[in-house]
Novice: 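Supplied in structure tokens, the structure appears directly below.
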Amino acid sequence: MTYEVQNSDFTDRVKKWIKKIPSGKVATYGQISSLAGHFNGARQVSWILHSCSAKDKLPWHRIINQRGTISLKPGSGFEKQKTLLEAEGVLFDKHNRIDLDRFLWMPNETIFAEKKWCFFDK
DNA sequence: CATATGACGATAT
DNA sequence: AATATCGCCATAT
């Protein structure tokens, strides 16, 4: 069963930002949510990907969680996402974690600094 | 209208 | 360090 995301400015902005993530970089759910206007709307981002990442041809595999790991479970897309990212040059350590200092996409450092959306200083 | 859900995130225990 | 709980958001039922 497929779901249609209804008209929502927030949802539209989320999808717009997701499409901007360049190959070889990753973004977090919360980061995309922040860029789209809600610093704490990460759950909606996951729902959007769950419902229409295929239909809208979104680079869904470039979205990971804040800890730098893949949120999908083994057997439910984890391996596929890891394969896609590795094909783009994203490296995983022995704990299947991505170094956000190296691979996190930072489209506008000024915005992040001013809004204090601290994704990078941990 | 009320509740449940999810590929989340931060905080509390 | 590992869970548990709560907050948030749009959608589903």
Novice: A:Phe39 has an atom CZ; how far is it from atom P of B:dT11, in whole Å?
Specialist: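 Going from CZ in A:Phe39 over to P in B:dT11 covers 9 Å.
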Novice: Let me know the distance between CG of A:Asp56 and P of B:dA7, rounded to the nearest Å.
Specialist: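 About 17 Å, once rounded to whole Å.
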Novice: Without decimals, in angstroms, what is the distance between A:Lys82 NZ and B:dA7 P?
Specialist: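 That distance rounds to 21 Å.
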Novice: To the nearest angstrom, how far is A:Arg67 atom CZ from B:dA7 atom P?
Specialist: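 Atom CZ in A:Arg67 sits about 15 Å away from atom P in B:dA7.
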Novice: Is A:His50 near enough to B:dG6 that one of its side-chain N or O atoms lies under 4.0 angstrom from OP1 or OP2?
Specialist: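 Indeed not, no polar side-chain atom of A:His50 lies that close.
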Novice: Output yes when at least one side-chain N/O atom of A:His38 is less than 4.0 Å from OP1 or OP2 of C:dC8, else no.
Specialist: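 False: A:His38 side-chain N/O out of range (4.0 Å or more) of C:dC8 OP1/OP2.
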Novice: P atom, C:dT5 versus B:dA4: distance in rounded Å?
Specialist: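 Roughly 16 Å separates the two P atoms.
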Novice: Using whole Å, what does the distance between atom C1' of nucleotide B:dC8 and atom CD1 of A:Ile70 come to?
Specialist: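 Atom-to-atom, A:Ile70 to B:dC8, this comes out as 15 Å.
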Novice: Side-chain N or O of A:Ser46 less than 4.0 angstrom from OP1 or OP2 on B:dC8?
Specialist: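 No, A:Ser46 has no side-chain N/O under 4.0 Å of OP1/OP2 on B:dC8.
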Novice: Roughly how many Å is it from CD1 in A:Ile48 to C1' in B:dT5, rounded to a whole number?
Specialist: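 Distance, rounded to whole Å: 15 Å.
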Novice: Report the distance from atom CG of A:Asp12 to atom C1' of C:dT11, rounded to the nearest whole Å.
Specialist: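 So the CG-C1' distance, A:Asp12 to C:dT11, works out to 14 Å.
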Novice: Not counting sequence neighbours, which residues clear side chain to side chain contact (heavy atoms under 4.5 Å, CB included) with A:His61? List them please.
Specialist: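 A:His61 satisfies side chain to side chain contact (heavy atoms under 4.5 Å, CB included) with A:Pro59, A:Gln81, A:Leu84, A:Leu85, A:Glu88 once adjacent residues are dropped.
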Novice: Among B:dG6, B:dA7, C:dC9, which nucleotide sits nearest the side chain of A:Asn40?
Specialist: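 Comparing B:dG6, B:dA7, C:dC9 against the side chain of A:Asn40, the answer is C:dC9.
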Novice: Among B:dA7, C:dA10, B:dG9, find the nucleotide with the atom closest to the side chain of A:Gln44.
Specialist: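 The closest nucleotide is C:dA10.
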Novice: A:Arg43 has an atom CZ; how far is it from atom C1' of C:dT5, in whole Å?
Specialist: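 Whole-Å distance recorded here is 12 Å.
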Novice: Would a distance-only check, ignoring hydrogens and angles, find a side-chain to backbone donor-acceptor pair under 3.5 Å from A:Gln31 to A:Trp105?
Specialist: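 Between the backbone of A:Trp105 and the side chain of A:Gln31 there is a qualifying donor-acceptor contact (under 3.5 Å).
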Novice: Between A:Ile32 and A:Thr28, is a side chain to side chain contact (heavy atoms under 4.5 Å, CB included) present by the stated rule, with each step listed?
Specialist: CA-CA 6 Å; A:Ile32 295 298; A:Thr28 70; over 6 Å; no
Novice: Hey, what's the ring geometry for A:Phe10 with A:His38, parallel, tilted or perpendicular (30° and 60° as the breaks)?
Specialist: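 Ring orientation, 0 to 90° scale: perpendicular.
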Novice: Can you tell me if A:Arg13 uses its side chain to pair, donor with acceptor, with the backbone of A:Ala36 under 3.5 Å?
Specialist: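 It does hold such a pair.
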